[in-house]
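Notes to accompany the following structure.
Atom set for the values below is all heavy atoms of this structure, side chains included, hydrogens, waters and symmetry mates excluded. Note that the structure is predicted; figures quoted are calculated from it, not measured.
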Amino acid sequence: MTRRQSPRGGDDLGRRRHRWSEFRQAYPRIVAGMAVFLGLLVLVDAFLAWQWFRYHRETRRLRAAMSRVEADRADGLVAAGESQVALLMQVARLQATGEPALNLAISLDEGRMYLQREGARLREMPVKVGTDTRTGDLVVAAPRGKRAVVRVLDGDASYELPAWAWSSRGLPVPASRAVKGALGPLAVVLSGGTVIYSLPAPAPLDASDYVLPGSVRAEAADLEAIRENVRPGMPVYFH
């Protein structure tokens with residue numbers, strides 16, 4: 001017997017090429033469709049890669065622009081599970097909508113406060129929410145979820161502000177931090193220490209461009225308009 005001098009692989013390759021050529025000639029539309037589909041897949045992959053690059057570039061840019069407090073807060077949200085925070089906000093929004101009793105709802109994103117009952121808005125008021133801040137080892141953040149009214153204060157009432165309310169503005173902390181009318185002509189104190197206050201107020205809340213961190217500033221006229229409706233125990237929703 002005579003041994004073959006050339007491997008059979010070359011013949012097989014030639015036959016496969018011949019068969020592919022025949023298949024392409026027999027089914028040109030199928031081949032064209034496959035080519036278009038593969039081309040679309042390549043374009044989709046390229047688009048996703050570009051979006052991934054843009055996302056990470058924007059993330060780096062935003063993080064570089066963050067203050068230390070904002071970066072720490074962002075890291076804390078990621079560590080605790082940002083979905084849990086979103087869930088808390090959504091639950092508060094749904095509770096406010098379905099609350100049968102008269103309640104206040106404050107939208108942190110919109111900067112609006114609503115007097116409402118079962119989702120029906122009786123009055124809409126602009127508010128400003130204090131930005132998150134760090135004072136020493138203490139991080140003061142905007143409230144989220146449900147609170148309750150503790151008391152309503154007028155301009156003759158004294159209120160003891162925390163020491164960092166002065167130090168955060170570069171002011172000396174007085175010996176007595178209980179200041180008459182500290183929260184303006186009308187204010188609402190909520191559970192957890194959150195306050196809804198108004199201007200004009202004495203130092204350290206006398207600046208129109210400053211809002212006490214962890215609290216909300218409203219117009220005195222708006223607070224006066226809803227004063228008769230606000231009672232201790234009234235639910236207040238932050239979302």
Ala148 backbone acceptor or donor facing Ser191 side chain under 3.5 Å:
yes
Nearest heavy-atom neighbours spanning Pro202 and Val179
CG-CG1, 3.9 Å
So CG of Leu153 and CG of Leu186: to nearest 0.5 Å the spacing works out to 8.5 Å
Atom pair NZ (Lys146) and CD (Glu99), whose distance is rounded to the nearest 0.5 Å:
5.5 Å
Which atom of Pro200 lies closest to which atom of Pro185, heavy atoms considered
O-CD, 3.3 Å
Between CZ of Arg123 and CG of Leu104, what distance do you get to the nearest 0.5 Å?
11.5 Å
May I ask you to check whether Ser107 and Tyr114 show a side-chain donor-acceptor distance below 3.5 Å?
no
Closest non-hydrogen atom pair, Ala142 against Leu108:
CB-CD1, 4.4 Å
Should Leu223 and Met113 count as side-chain neighbours, where that means a heavy-atom distance under 4.5 Å?
yes
Minimum heavy-atom distance Trp166-Pro172, with the two atoms named
CD1-O, 3.5 Å
Val36 side chain near Leu40 side chain, heavy-atom distance below 4.5 Å:
yes
Using modelled atom types only, decide if a donor and an acceptor are shared between the side chain of Arg169 and the backbone of Pro204 within a distance under 3.5 Å.
yes
Which pair of heavy atoms, one from Ala201 and one from Ser198, lies closest together, and at what distance?
CB-O, 3.9 Å
Leu102: which of Arg117, Arg231, Gln116, Glu118 passes side chain to side chain contact (heavy atoms under 4.5 Å, CB included)
Arg117
Could you give the distance from CG (Asp206) to CG (Leu171), rounded to the nearest 0.5 Å?
7.5 Å
Under a single-linkage definition using a 4.5 Å side-chain heavy-atom cutoff for Ile, Leu, Val, Met, Phe, Trp and Tyr, are Leu199 and Val216 assigned to the same hydrophobic cluster?
no
Is it the case that over 12 heavy atoms from other parts of the model lie below 6.0 angstrom from the CD atom of Glu219?
no
Hey, which of Val188, Leu205, Leu161, Leu183 is the one that makes side chain to side chain contact (heavy atoms under 4.5 Å, CB included) with Val195?
Leu183
Minimum-distance pair of heavy atoms, taken over all atoms of Val211 and Gly130
CG1-N, 3.4 Å
Rounded distance [0.5 Å steps], NZ in Lys128 versus CG in Asp209
8.0 Å
Residue pair Val129, Phe238: steps toward the side-chain contact (heavy atoms from CB on, under 4.5 Å) verdict
CA-CA 11 Å; Val129 181; Phe238 290 85; over 6 Å; no
Please check: side-chain N/O of Arg217 versus main-chain N/O of Ser208, any donor-acceptor pairing under 3.5 Å?
yes
Quick one: CD1 on Ile106 to CD1 on Ile196, what's the gap to the nearest 0.5 Å?
4.0 Å
Do Leu190 and Val150 come within less than 4.5 Å of each other through their side chains, counting heavy atoms only?
no
Using a 3.5 Å distance criterion without hydrogens, assess whether the side chain of Tyr197 forms a donor-acceptor pair with backbone atoms of Leu212.
yes
